[in-house]
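A quick note: this is a predicted structure, and the numbers were derived from the prediction, not measured. Just so you know, residue 1 is the first one in the sequence shown, and it goes up from there. Just the heavy atoms: all of them, side chains too, but no hydrogens, waters or symmetry mates, feed the values below. Order of listing sets the numbers, starting from 1, for every ligand and every atom in it.
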Amino acid sequence: MTDNTILRLAIQRKGRLSEDSLSLIKESGIKFSSDTGRLKSTSRNFPIEFLFLRDDDIPDYVADGVADIGIVGENVALEKGKNIDNIKKLGFSKCRLSLAIPKEIDYLGLQYFHQSSIATSYPRILGSFLEKNGIKADIHEISGSVEIAPSIGLAAAVCDIVSSGSTLLSNGLKEVETILHSEAVIIGNQNLSQQKKSILDRLLFRIESVQKGKNNKYILLNAPNDKLDEIITLLPGMRSPTIVPLADKNWSSVHSVINEDEFWDVIENLRGAGAEGILVVPIEKMIL
Ligand code: PRT
Ligand code: ZN
């Protein structure tokens, strides 16, 4: 019997998450028509179907099982999210949810918000933050243009998503507390069937390979043989580096993989140890 199970993935139709979500799927080798003008699309080479939705609707659809998994910001997952699993952080659409007040006010600490009024689209996250800190304030829920609330007299402060900070600045506000650091995440229904779970595992394996590839670089360098031992100890690598003899029998070529985070330190140490002709190459996918 053939198994026709298909995993349904909800993606933001149009907005800050759309492009990176679609690229991640494409880089995972999954082919489909990404015409987000449509509501649905099915992959030609992987058992997955895409639903293109507003990001705010995705947590509910996933909780209800209309979609099996979805990609949303952690801010939305937490605000709307009841009965969903947080499956994987994706590293894009990074932002923070912060409290901001008019810039001319001297800010002395959270007590400032006691008995004040705060405009936000995130009443749940804000409410639990305030409660945890013993602050009582009026929360005004508004769905857009939160940053203008203080200037029109609607609230004394705002709790909103900040990325570069320029929206706050141009509205005469300053960020004073960060409530949440957010990035895109995969969320999932809590009752996925075994078949759907195994498709999800295959998808996650592909996504992780793409992510590891992005976080690592392939490095090639030449080294005099008498420096090889020292150079090898400097290379973190996957296992041990590949060593290839060069035409000049006193020299070898060394190939390895280094992590983006330690990249420049490793390069400097390698040069210090006598490495020459260092080449650094991007990795498309990394399967460990
Ligand atoms: O139409 P739909 O409902 O699907 O989309 P949306 O308009 O609700 O969401 P969208 O596309 O704006 O954002 C989707 C997700 O991207 C958010 O839930 C966040 O997880 C993430 N993200 C990352 C951001 C930002 N950066 C961001 N800068 N979401 C919103 N902003 C807004 C913010 O609300 C504020 O108005 O940008 C402004 C602040 O930006 P800076 O750079 O001036 O600080
Ligand atoms: Zn939205």
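Residue contact check: Gly15 has heavy atoms under 4.0 Å from atoms 11 (O) of ligand 1. For ligand 1, the atoms lying closer than 4.0 Å to a non-hydrogen atom of Gly165 are 41 (P), 42 (O), 44 (O). In summary, the atoms of ligand 1 found under 4.0 Å from a heavy atom of Asp56, numbered by their order in the structure, are 3 (O), 8 (O). Atom numbering of ligand 1 starts at 1 in the shown order; those under 4.0 Å from a heavy atom of Ser164 are 41 (P), 42 (O), 43 (O), 44 (O). Residue Gly73 approaches ligand 1 through these ligand atoms, each under 4.0 Å from one of its heavy atoms: 20 (O). Ligand 1 places these atoms under 4.0 Å from at least one heavy atom of Val76: 18 (O). Atoms of ligand 1 lying under 4.0 Å from any heavy atom of Val162, numbered from 1 in the order shown and given with element: 44 (O).
Put simply, the side chain of Ser121 gets close to the backbone of Ile142: a donor and an acceptor are under 3.5 Å apart. Put simply, the side chain of His114 gets close to the backbone of Lys136: a donor and an acceptor are under 3.5 Å apart. With hydrogens and angles ignored, the 3.5 Å screen pairs no side-chain donor or acceptor of Thr120 with any backbone N or O of Pro123. Under a 3.5 Å cut-off, the side chain of Glu74 and the backbone N or O of Glu183 do form a donor-acceptor pair. A donor-acceptor pair under 3.5 Å is formed between the side chain of Ser164 and the backbone N or O of Ser166. The backbone N or O of Lys31 sits less than 3.5 Å from a side-chain atom of Ser43, completing a donor-acceptor pair.
A salt bridge does not link Asp55 with Arg13: none of the charged nitrogens is closer than 4.0 Å to a carboxylate oxygen. Between Arg124 and Glu79, none of the side-chain N atoms (NZ, or NE/NH1/NH2) sits under 4.0 Å from a carboxylate O, so this pair counts as no salt bridge.
Between the side chains of Asp85 and Gln190, a donor-acceptor pair is found at a separation under 3.5 Å. A donor atom on one side chain and an acceptor atom on the other are not found under 3.5 Å apart for Glu141 and Tyr122.
Only the side chain of Asp160 comes within 4.0 Å of ligand 1, judged by heavy-atom distances. Looking at Asp55 against ligand 1, both its backbone and its side chain come within 4.0 Å, counting heavy atoms.
With contacts defined as side-chain heavy-atom distances shorter than 4.5 Å, the pair Leu53/Ile11 does not qualify. Put simply, the side chain of Asn259 does not reach to within 4.5 Å of the side chain of Val266, judged on heavy atoms.
Among Arg13, Glu74, Arg16, Lys14, the residue whose heavy atom sits closest to atom 30 (C) of ligand 1 is Arg16. Nearest-residue assignment for atom 5 (O) of ligand 1 (options Lys94, Gln12, Glu147, Arg54; heavy-atom criterion): Gln12. Remark: among candidates Ile161, Asn75, Thr167, the nearest residue to atom 17 (C) of ligand 1 is Asn75, based on non-hydrogen atoms.
Among the atoms of Cys95, none of the N or O lies under 3.5 angstrom from an N or O of ligand 1. Among the atoms of Ser93, none of the N or O lies under 3.5 angstrom from an N or O of ligand 1.
Only protein N, O or S atoms were considered, and those under 2.8 Å from the Zn ion (ligand 2) are Asp55 OD1, Asp56 OD1.
Nearest protein heavy-atom neighbour of atom 28 (N) of ligand 1: Ser163 CB, 3.3 Å.
Checked against Lys227 for a side-chain contact (heavy atoms from CB on, under 4.5 Å), the options Asn225, Ile231, Asp229 give a single hit: Ile231.
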